[in-house]
Number of protein chains: 2
Amino acid sequence: MESSLTISIQDYLKHIYELTEGGENASTNALSERLNVKPASVTNMVQKLAAAQPALVEYQKHQGVTLTKEGRKAALEVIRHHRLLEAWLVQTLGYSWDEVHEEAERLEHVISEDFERRMAAAMGHPLRDPHGELIPTADLVMPLEDSTPLSALRPKQKAKIQCVKNADAELLRHLEGLGLLPGAQIVIVDYSSFDHNLTVKSGTKVSVLGLNITGKIFVDYLG
Amino acid sequence: MESSLTISIQDYLKHIYELTEGGENASTNALSERLNVKPASVTNMVQKLAAAQPALVEYQKHQGVTLTKEGRKAALEVIRHHRLLEAWLVQTLGYSWDEVHEEAERLEHVISEDFERRMAAAMGHPLRDPHGELIPTADLVMPLEDSTPLSALRPKQKAKIQCVKNADAELLRHLEGLGLLPGAQIVIVDYSSFDHNLTVKSGTKVSVLGLNITGKIFVDYLG
DNA sequence: AATACAATTTAGATTAGACTAAATTTATCG
DNA sequence: CGATAAATTTAGTCTAATCTAAATTGTATT
């Protein structure tokens, strides 16, 4: 659904960051998909980027891209903007968690550092955005995630939803309808495979099959 | 202080609108100054714009540009965004009136109509922005200005400041220091020429000479 | 009415970021 | 190990928005 004809450097950095979180390199193809740009264009841009900003980005032919420490900070800046914006739009303008993403996606590139500071201060420097995702700190460090994937829980166990990652708007609305927002307490009733069926809360069986699932749920284990 | 390398159509429309408020045409040169782009580039863009969007813009060689009714609406949309944003940033994030302009300038192009509606509703559909400028209505009509230029007042007369137009940040801070914000009650003590000296509030003589004045003050006449 | 100055336009060059098609490299698998 | 498929890169094209320099048009003044 992206539509801007030209992709900002910030977007390249953000997506490279997300693709390299696990330590791998970001491949041309993977970037191409996320940015809605043909692979050849990505190669081109990434080569230029690496030439122009060697302090941010490392590129080797056929090996994909990585970020330097500084590049990672630049990416975290954008992610911080995004998550603070999501939190703030929800708090002050009554956006629901499935609506904010798109808006934040456009605003994240144009707000000033001053704006960022004011939002953070106004909300008391929140640690997570409305989806429960961790917000990089003001000095651009990404806090360590301390939650467990929902799929690690077994029947009868209790947990609190902490974070719903990378979910599309449809899944978010579905989850919201079931009260499965970050903060909700759940009990695993019956668990077969997270990829297909998700059973939470005594008696509530949530079929996620059929939805085009892209999201992952993380929880705080309670016993 | 502008820095975006490429000017959006929205910016062209907005500045054409502002230049044509008095009924005149917007000249290539005038647009060129406001947009920080060379006159030749403006000619070029305006010709393309008029060819691509004849429903918005009318252009004739050596005669400058005007907006059609529809073009004016498109411009008012941007201006509405800008002024609502200014009001909202001041209200919710404690910006001062001299700081908001720049921020709103960048945000106005990327917020959604939904965002616009939410801001307006959250503030109770305000009529004026923090500088006192009228906010175009939701159906994109610019309300009629009912205030008087400060220069029309004579000594001993009382008035309430309603609007400070087109002032740069320096003048705004100066005015703020004197309590001359929109809403302030003033008494004309001594008036020679608004262009050079401005004397308001019993006993306070404000020399505006020496400031690089670009602003105009409008008031409600009180007697 | 002629000239001179300012504003505007034309023409042509430059840059950036995308695209397509073809070539190359890497990876996989019998 | 070699063949094929997939991923990546190269090469060349296109478009959009700017620029500079030169040509033109409009305007004001005498």
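By convention in this document, chain letters (A, B, ...) are assigned in the order of the sequence lines, proteins followed by strands, and residues within each chain are numbered from 1.
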Would you indicate which nucleotide in [options] comes nearest to any side-chain atom of [X]?
| X | options | answer |
| --- | --- | --- |
| B/His62 | D/dC19, D/dT9, C/dT9 | C/dT9 |
| B/Lys48 | D/dA17, D/dT9, C/dA18 | D/dA17 |
| B/Ala40 | C/dT26, C/dT9, C/dA21 | C/dT9 |
| A/Gln47 | C/dA16, D/dT9, D/dC19 | D/dT9 |
| B/Ser41 | D/dT18, D/dT25, C/dA18 | D/dT18 |
| A/Thr43 | C/dG17, D/dT9, C/dT8 | D/dT9 |
| A/Thr6 | C/dA18, D/dA7, D/dT18 | C/dA18 |

Counting the atoms with a prime plus P, OP1 and OP2 as sugar-phosphate, which does [X] contact under 4.0 Å by heavy atoms, base, sugar-phosphate, or nothing?
| X | result |
| --- | --- |
| B/Thr28 | sugar-phosphate |
| B/Val37 | sugar-phosphate |
| B/Lys61 | sugar-phosphate |

d([atom1], [X]; [atom2], [N]) in whole Å:
| X | N | atom1 | atom2 | value |
| --- | --- | --- | --- | --- |
| B/Gln60 | D/dT25 | CD | P | 16 Å |
| A/Asn25 | C/dT26 | CG | P | 14 Å |
| B/Leu31 | C/dA7 | CG | C1' | 13 Å |
| A/Lys38 | D/dT9 | NZ | C1' | 16 Å |
| A/Ile7 | C/dC19 | CD1 | C1' | 13 Å |
| B/Gln10 | D/dA17 | CD | P | 14 Å |
| B/Glu33 | C/dT8 | CD | P | 10 Å |
| A/Leu35 | C/dG17 | CG | C1' | 13 Å |

At less than 4.0 Å, is any side-chain N or O atom of [X] found next to OP1 or OP2 of [N]? Yes or no.
| X | N | answer |
| --- | --- | --- |
| B/Ser27 | C/dT8 | yes |
| B/Tyr12 | D/dA17 | no |
| A/Tyr59 | D/dT9 | yes |
| A/Asn29 | D/dT8 | yes |

_Backbone of B/Trp88 reached by a side-chain donor or acceptor of B/Thr92 within 3.5 Å_ =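 Yes, because the side chain of B/Thr92 sits within donor-acceptor range (under 3.5 Å) of the backbone of B/Trp88.
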
*asked:* Check whether B/His81 reaches the backbone of B/Glu116 with its side chain - one donor and one acceptor, N or O, closer than 3.5 Å.
replied: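 No.
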
*Per the side-chain hydrogen bond (donor to acceptor under 3.5 Å, both in side chains) rule, which among A/His101, A/Glu77, A/Glu133, A/Lys14 passes with A/His82?*
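Exactly one option meets the side-chain hydrogen bond (donor to acceptor under 3.5 Å, both in side chains) with A/His82, and it is A/His101.
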
*Select from A/Asn44 and A/Gln63 the residue whose nearest nucleotide in DNA chain C is closer to the 5' end of that strand.*
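Its nearest nucleotide being more 5', the pick is A/Asn44.
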
_With salt bridge (charged side-chain N to carboxylate O under 4.0 Å, His left out) as the criterion, how do B/Glu103 and A/Arg118 come out once you've worked through the C-alpha distance, each side chain's angles and the decisive distance to 0.1 Å?_
CA-CA 12 Å; B/Glu103 196 84 55; A/Arg118 284 173 192 267; over 6 Å; no

*Under 3.5 Å side-chain donor-acceptor pair for A/Ser27 and A/Asn29*: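 Looking only at side-chain atoms, A/Asn29 and A/Ser27 do not form any donor-acceptor pair under 3.5 Å.
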
*Which is it for B/Asp146 and B/Arg128 under the salt bridge (charged side-chain N to carboxylate O under 4.0 Å, His left out) test, yes or no, and what are the steps along the way?*
CA-CA 12 Å; B/Asp146 58 348; B/Arg128 292 175 181 270; 3.4 Å; yes

